[in-house]
Amino acid sequence: MAKKEASTENGFSFTRSASSNARNGLARIQTHTNTPEVCHDDSTPPVRAQTIHDLHSLQKKKSSAPSTPITSSSATSPFSTILEEERQRLQLQSISASLASLTRETGPKVVRGDPASKVVTHHHHDHHYITPTFDASDSALKFTHVLYNLSPAELYEQAIKYEKGSFITATGALATLSGAKTGRSPRDKRVVKDESTEHDLWWGKGSPNIEMDEHTFLINRERAVDYLNSLEKVFVNDQFLNWDPEHRIKVRIVSARAYHSLFMHNMCIRPTPEELEEFGTPDFTIYNAGQFPCNRYTHHMTSSTSIDINIARKEMVILGTQYAGEMKKGLFSVMHYLMPKRNILSLHSGCNMGKNGDVALFFGLSGTGKTTLSTDHNRYLIGDDEHCWSENGVSNIEGGCYAKCVDLSREKEPDIWNAIKFGTVVENVVFDEHTREVDFSDKSVTENTRAAYPIEYIPNAKIPCVAPHPKNVILLACDAFGVLPPVSKLSLAQTMYHFISGYTALVAGTEDGIKEPQATFSACFGAAFIMMHPTKYAAMLAEKMQKHGATGWLVNTGWSGGRYGVGNRIKLAYTRKIIDAIHSGSLLNSEYTKTEVFGLEIPTAIEGVPSEILDPVNTWADKKAYQDTLLKLASLFKKNFNGFISYKIGTDQSLTEEILAAGPTL
Ligand SMILES: Nc1ncnc2c1ncn2[C@@H]1O[C@H](COP(=O)(O)OP(=O)(O)O)[C@@H](O)[C@H]1O
Ligand SMILES: C=C(OP(=O)(O)O)C(=O)O
Ligand SMILES: [Ca+2]
Ligand SMILES: [Mn+2]
């Protein structure tokens with residue numbers, strides 16, 4: 001075979017002969033030989049680097065992005081350089097102030113960038129760090145390196161390099177472990193009781209606010225800050241909460257793990273570079289020292305875990321749990337204080353909007369379907385978990401979603417499935433050690449496996465995440481007793497009754513310690529997060545629903561055909577059809593009958609749903625067992641509501657009486 005020129009377009013010429021063709025071995029590469037003295041590859045211009053170090057420094061382009069080490073500046077004129085330097089100095093000063101120990105004169109020396117990176121210098125002529133005034137302690141001599149608002153890619157690198165249990169999954173998500181705690185610890189959530197919170201907040205039986213005093217808070221704060229400052233580096237996220245620009249809150253999260261930083265990057269609203277430049281002082285700061293326990297000798301500490309909120313100081317301290325959901329839900333608690341103070345209702349609900357602008361809220365406790373049902377391919381997603389309802393309409397508090405992954409299927413929940421890609425944090429999932437394919441059915445680490453992703457990973461998310469006033473208010477309950485109908489239309493009084501009751505049968509996992517399903521009542525579908533008395537939120541909801549003419553619905557996403565262990569969970573496909581009928585308005589005007597005991601209005605037919613399941617009695621083989629279970633659940637409702645009968649809801653006494661009468665009758 002004659003020599004043949006295979007390709008010249010890139011400067012190479014391949015010469016193939018019979019003895020060296022693709023089959024028998026590698027083609028011999030012949031370079032042009034116009035300069036016979038030196039034999040070099042001149043096919044592309046030579047690299048503009050003299051050394052390997054030069055070469056590596058060429059790889060990264062300087063940018064003005066927040067994560068870039070301080071030595072780079074996008075400024076072009078000397079004047080703007082000074083402004084930029086001044087801004088960066090103020091920013092470091094603010095971070096140093098956040099990290100200040102209260103028993104020392106000043107905050108730690110902080111410097112931006114990874115200590116392992118060459119770009120960071122500690123020379124005195126480098127004015128990009130903050131020097132504290134003299135303090136005779138070793139901790140004052142060291143630098144705290146601040147990794148400030150890193151990008152997901154940078155956080156991946158940090159996690160994989162430094163945090164055991166961090167891996168890239170087959171679809172590009174970051175798999176992490178949250179450590180010993182794989183769910184929230186509501187019994188370890190404490191709130192400082194001072195002159196103002198003593199009157200404002202809900203304390204005592206049923207309240208999620210376990211009291212602590214200011215002094216103990218400061219002890220825990222000091223413990224967290226000293227721990228964080230003892231580290232070589234900390235992560236700092238400056239972000240926002242609430243898409244309503246009028247009521248946006250600036251939050252700072254100081255943490256020790258890239259996992260925590262990426263989680264909050266996804267879950268809070270991400271500032272633009274311009275917004276970050278003007279960030280200034282945060283409205284609220286989290287100190288997450290989750291790897292470090294609290295000291296059991298400290299007053300009030302009943303375990304090695306404590307999540308402490310101090311409203312007056314605008315701070316939260318996390319010790320002894322690395323479960324990232326504590327940060328998200330801790331901030332939600334804070335919003336449950338801040339927003340009602342501004343006459344805005346904070347809601348533990350998902351929210352979506354139809355093409356015609358009809359808005360639905362999805363209330364429900366953990367695992368009842370807020371995330372699953374608000375993520376709907378035919379509707380715009382506003383948010384999956386935390387919202388505000390103000391005079392302006394609804395706004396999402398967060399910038400991301402936190403979906404349960406247990407038994408996640410591509411067919412049933414395609415949007416969530418597809419959101420698990422680069423940038424997403426998947427917690428406590430099990431994957432194939434070689435292919436890194438996640439097995440969502442594997443509960444070896446925990447039932448409560450989770451994915452945290454930015455909201456724009458859902459294709460039909462509406463950005464900005466705000467919507468008009470809701471038309472439908474859907475209360476989700478996962479009824480393990482299997483006696484609540486798949487859907488009921490509620491009167492306003494019934495809506496309030498069920499909102500205050502906040503019933504579900506907790507499915508194992510999200511709250512640490514709960515292993516078996518059990519009936520749970522959680523006021524406002526979020527007693528773990530509300531800060532004031534439930535009647536405060538209930539009155540606001542009633543007022544808003546009345547004013548905007550919203551209809552209430554009770555949807556059971558739990559059992560049918562018998563209680564847990566006997567029947568089965570209602571098919572998600574059926575629940576989706578029910579929700580579709582609510583959204584379209586067709587269910588509002590369909591034919592209804594009234595159930596006994598709970599007095600719920602149930603439809604006789606819904607398109608796409610077998611009619612016989614609409615009344616649960618039909619699905620139970622054992623009718624006596626059905627009746628007994630129904631009465632048992634009703635008595636649990638009554639017993640729970642006894643705690644509220646002496647309260648007035650809003651200013652309207654007749655509404656209070658109607659609400660009391662809207663519960664089950666035995
Ligand atoms: N009929 C149903 N309706 C809603 N969710 C269902 C249903 N059947 C099973 N599920 C599952 O229940 C879980 C609901 O969890 P999720 O939507 O994350 O709840 P929340 O956001 O309220 O905590 C998901 O894992 C979902 O796949
Ligand atoms: C993060 C949580 O939210 P949810 O389970 O409601 O999605 C939680 O309850 O810990
Ligand atoms: Ca929840
Ligand atoms: Mn959810």
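As a basis for the values below, the full set of heavy atoms in this structure was taken, side chains included, without hydrogen atoms, waters or symmetry mates. Atoms within each ligand, like the ligands themselves, are counted from 1 in listed order.
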Return yes when Leu365 approaches ligand 1 closer than 4.0 angstrom through a heavy atom, no otherwise. yes
Counting only heavy atoms, tell me which of Val555, Val406, Thr557, Asn568 gets closest to atom 3 (N) of ligand 1. Thr557
Geometry only, no angles: is Thr372 polar-contacting ligand 1 at N/O separations under 3.5 Å? yes
Does ligand 1 have an atom that lies less than 4.0 angstrom from a heavy atom of Ala403? no
Could you confirm whether Ser366 has any N/O/S atom lying under 2.8 Å from the Mn ion (ligand 4)? no
Which value, rounded to the nearest 0.5 Å, describes the distance between Asp628 atom CG and Arg563 atom CZ? 10.0 Å
Test of proximity, Asp385 against ligand 1: N or O pairs below 3.5 Å: no
4.5 Å side-chain heavy-atom contact, Lys489 and Trp553: yes
Mind telling me whether Trp389 and His469 have parallel, tilted or perpendicular rings, with 30° and 60° as the class edges? tilted
Do the non-hydrogen side-chain atoms of Lys404 and Ser366 ever get within less than 4.5 Å of each other? yes
Do Phe363 and Val473 come within less than 4.5 Å of each other through their side chains, counting heavy atoms only? yes
For Gly364, is the nearest heavy atom under 4.0 Å from an atom of ligand 1? no
Over 60° means perpendicular and under 30° means parallel, so tell me whether Phe362 and His583 are parallel, tilted or perpendicular. perpendicular
State whether the shortest distance between N or O atoms of Glu413 and N or O atoms of ligand 1 falls below 3.5 angstrom. yes
May I ask you to decide if the ring planes of Tyr503 and Phe481 are parallel, tilted or perpendicular, using 30° and 60° as cut-offs? tilted
Please work out, at 4.0 Å between heavy atoms, whether the side chain, the backbone, both, or neither of Thr371 comes within that distance of ligand 1. both
Lys404 contact mode with ligand 1 (heavy-atom cut-off under 4.0 Å): both
Decide whether an N or O pair under 3.5 Å exists between Ile570 and ligand 1. yes
With under 30° as parallel and over 60° as perpendicular, where do the rings of His533 and Phe644 fit, or are they tilted in between? perpendicular
